[in-house]
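All values below come from the heavy atoms of this structure, side chains included, with hydrogens, waters and symmetry mates left out. Every chain is numbered from 1, with letters handed out A, B, ... down the list of sequences.
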Number of protein chains: 2
Amino acid sequence: MEILELESFLPYRLYRLADTVSREFSRIYKERHGLTRPEWRTLSGLGERGTMTATELGEQSAMHKTKVSRAVAELERRRWLTRTPDENDRRVERLALTRAGLAAYREMVPLAKAFERELLGRLSVDERVAIARGVAALEGALEGK
Amino acid sequence: MEILELESFLPYRLYRLADTVSREFSRIYKERHGLTRPEWRTLSGLGERGTMTATELGEQSAMHKTKVSRAVAELERRRWLTRTPDENDRRVERLALTRAGLAAYREMVPLAKAFERELLGRLSVDERVAIARGVAALEGALEGK
DNA sequence: TTTCAATGGTTACAAATGAAACCAGTTTGG
DNA sequence: CCAAACTGGTTTCATTTGTAACCATTGAAA
C-alpha cells in the first residue's frame, strides 16, 4: 500500500523548520519588547526602508493587510511610529518610525544578525551554500504563485 | 547605520517559503475534505504508522498536544478514527484509522506526492540536491533545540 | 502503604488570525 | 460630469491557536 513519509515530505519539513526557527527567533523580540511577529516585521520594514505605506509594508513583508493594520495601530499606540496623510492621495498614509521606534529598531538589528549568524554558524560552508541556493530556487519556483 | 535586509534574512525567508508552500498544499486537503492542517497531519501520521497514541502523534508531526487533541476529536466525530484504551496504562489511548479514514488517506497520498513532485519538478537537479541538503543540515543544527 | 511528582490527555480562556463587509477617497468609461 | 468599479485601510465576526489550569492515572520514594 502506498504510504507517505511525513518525515521526508518537503512541505512538512519546510514548515516545521520555519516554525522552529521562527519560534526561536521570536523569543528575542518577544522577550525584549513584547512584540508580535507582525509588529516586529513592521518595525523591521520601516527601519529598513525609512517610510512606507501600509500596503507597501504588506507586500514587503508578506503580511495580510489586517495584520499590517493591527501591527501599525499597536506601534502607533507605543509611539514608535507616526502616520502622515499623503498629499496626493488622501486614502494613503505614509508611515515612519519615531525616535523611540528607531531606537528599538537599532537595538534589534544586531540581535537579529547575531541570531542568524549563530544559526548558520552551526553549518559547514557547503551546507550554507546549499541552503541559500535551495531556498532561492524554491522562491523562484513559487514566483507569482 | 546598521540595517537588516528582511528580504535576505533567513528566518523570514524560511517562514515565507514554508507559508506559501503550506498554503498551496493545504488547498488540496481543505478543498477535498475540509480538513485543517492538524487534522491532515493526524490522518497522515496514522495512515503511515497504523496506530499511535496522541503523544506519539504530537512528536511525529510536531504538533502541540492541544492541536492533537482537537484534531483527534474531530476525526473521531467523522468516524475516521477510533480510540482503544490501552490495556496496561489507562491514561493512554491507541488511535487507529477506520475503514473510512483509511480510504480518505489512500486518496490523499497520491495527491500529496504529486504536489511535491510538481513543486520539485520546477527545480533543476542541482537545486533539488541543494534544498534537500540545506534543509537536512538546518534540521540537524536545530536538533534538540 | 501513603504521598508526591510526573504523564496522557482535555478544557477554559485569552490572544492571534483570516474572510468578508465596510468606509473613505480615486479613477475610469460613457 | 457622474455613476460604477477600484483601492487603501479598518472593523467585525468566526475560527484557530497557545497557555495554563485541570482531571485521571501511574511511578517513585519514604
Side-chain angles (χ1 to χ4, degrees), chain A residues 15-16 18-20 22-27 29-31 33-43 45-46 51-78 81-96, chain B residues 15-16 18-20 22-27 29-31 33-42 45-46 51-77 81-96:
Chain A
Y15 192 92
R16 191 186 49 184
D19 194 59
T20 306
S22 185
R23 243 183 183 63
E24 276 298 309
F25 178 58
S26 78
R27 300 217 318 237
Y29 52 75
K30 208 162 283 173
E31 279 173 11
H33 290 295
L35 295 175
T36 63
R37 181 164 47 224
E39 284 155 21
W40 149 250
R41 285 199 190 162
T42 299
L43 179 68
L46 290 178
T51 176
M52 274 197 279
T53 69
T55 303
E56 287 166 352
L57 249 173
E59 283 162 7
Q60 196 234 359
S61 53
M63 292 192 289
H64 190 266
K65 65 205 261 196
T66 60
K67 276 191 190 168
V68 175
S69 175
R70 293 185 254 238
V72 166
E74 169 59 21
L75 295 191
E76 184 184 33
R77 201 193 57 70
R78 289 181 185 226
L81 66 74
T82 55
R83 314 179 192 234
T84 318
D86 187 286
E87 289 296 313
N88 308 326
D89 186 339
R90 285 176 9 220
R91 290 169 305 181
V92 176
E93 312 180 298
R94 325 225 99 256
L95 308 168
Chain B
Y15 192 91
R16 192 185 48 182
D19 194 58
T20 306
S22 187
R23 241 183 184 64
E24 276 296 310
F25 178 58
S26 77
R27 298 216 320 234
Y29 52 74
K30 209 160 280 174
E31 280 174 9
H33 290 296
L35 294 174
T36 63
R37 183 165 45 223
E39 284 155 20
W40 150 250
R41 285 200 190 161
T42 299
L46 290 177
T51 178
M52 275 197 280
T53 70
T55 302
E56 287 166 351
L57 247 173
E59 283 162 6
Q60 194 235 359
S61 52
M63 292 192 289
H64 191 266
K65 65 204 257 193
T66 60
K67 275 190 190 169
V68 175
S69 176
R70 293 187 255 241
V72 166
E74 168 59 19
L75 295 190
E76 184 186 32
R77 203 193 56 70
L81 66 73
T82 56
R83 313 176 191 238
T84 317
D86 186 286
E87 289 298 312
N88 308 326
D89 185 340
R90 288 184 359 229
R91 291 169 303 183
V92 176
E93 311 180 300
R94 326 227 97 256
L95 307 168

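Spacing between atom CG of B:Asp86 and atom P of D:dG27 amounts to 11 Å, rounded to whole angstrom units. If you measure from atom CD of B:Glu74 to atom C1' of C:dG9, you get 18 Å, rounded to the nearest angstrom. Rounded to whole angstrom, the span from the CG atom of A:Leu57 across to the P atom of D:dT7 amounts to 19 Å. As rounded to whole Å, 12 Å separates atom P of C:dT17 from atom CG of A:Asp19. With rounding to whole Å, A:Arg27 atom CZ is found 16 Å from D:dG18 atom P. The distance from atom CE of A:Met63 to atom P of D:dG8 is 16 Å, rounded to the nearest whole Å. Per the geometry, NE2 belonging to B:His64 stands 6 Å off C1' belonging to D:dG18, to the nearest Å. Straight-line distance from the CH2 atom of B:Trp40 to the P atom of D:dT16: 18 Å, rounded to whole Å.
Both A:Thr66 and B:Ser69 lie near DNA chain C, and the one whose nearest nucleotide falls closer to the 5' end is B:Ser69. Of the two residues contacting DNA chain C, namely B:Val72 and A:Asn88, the nearest-nucleotide position lying further toward the 5' end is that of B:Val72.
Using a 4.0 Å cut-off, some side-chain N or O of B:Arg83 falls inside it from OP1 or OP2 of C:dT10. Contact annotation: B:Arg91 does not reach the phosphate of D:dC23 (side-chain N/O to OP1 or OP2, under 4.0 Å).
Looking at B:Arg90, its side chain has no donor and acceptor atom pair within 3.5 Å of the base of D:dT25.
Using a 4.0 Å heavy-atom criterion, one finds that B:Thr55 contacts the sugar-phosphate atoms exclusively. Using a 4.0 Å heavy-atom criterion, one finds that B:Arg94 contacts no nucleic acid atom at all.
The pair B:Glu74-B:Arg70 fails the salt-bridge criterion, with no side-chain N (NZ, NE, NH1 or NH2) lying under 4.0 Å from an Asp/Glu carboxylate O. Comment: B:Asp86 does not engage B:Arg90 in a salt bridge, judged by the lack of any side-chain N to carboxylate O separation of less than 4.0 angstrom.
Out of D:dT19, D:dT26, C:dG8, the shortest distance to the side chain of B:Asp89 is found at D:dT26. Looking at the side chain of A:Pro38, the nearest of the listed nucleotides C:dT17, D:dT11, D:dG8 is C:dT17. For A:Arg70, counting side-chain heavy atoms from C-beta on, the closest listed nucleotide (C:dA16, C:dG9, C:dT17) is C:dT17. In this structure, the nucleotide among D:dT17, C:dT10, C:dA19 sitting nearest to the side chain of B:Glu93 is C:dT10. Taking only side-chain atoms of A:Lys65, from C-beta outward, the nucleotide of D:dG18, D:dT10, C:dG8 with the closest atom is D:dT10.
In this model, no donor atom of one side chain and acceptor atom of the other lie less than 3.5 Å apart for A:Tyr29 and A:Arg37.
With contacts defined as side-chain heavy-atom distances shorter than 4.5 Å, the pair B:Arg94/B:Arg83 does not qualify.
Looking at every heavy atom in both residues, B:Val68 comes nearest to B:Gly58 through CG2-CA, 3.7 Å.
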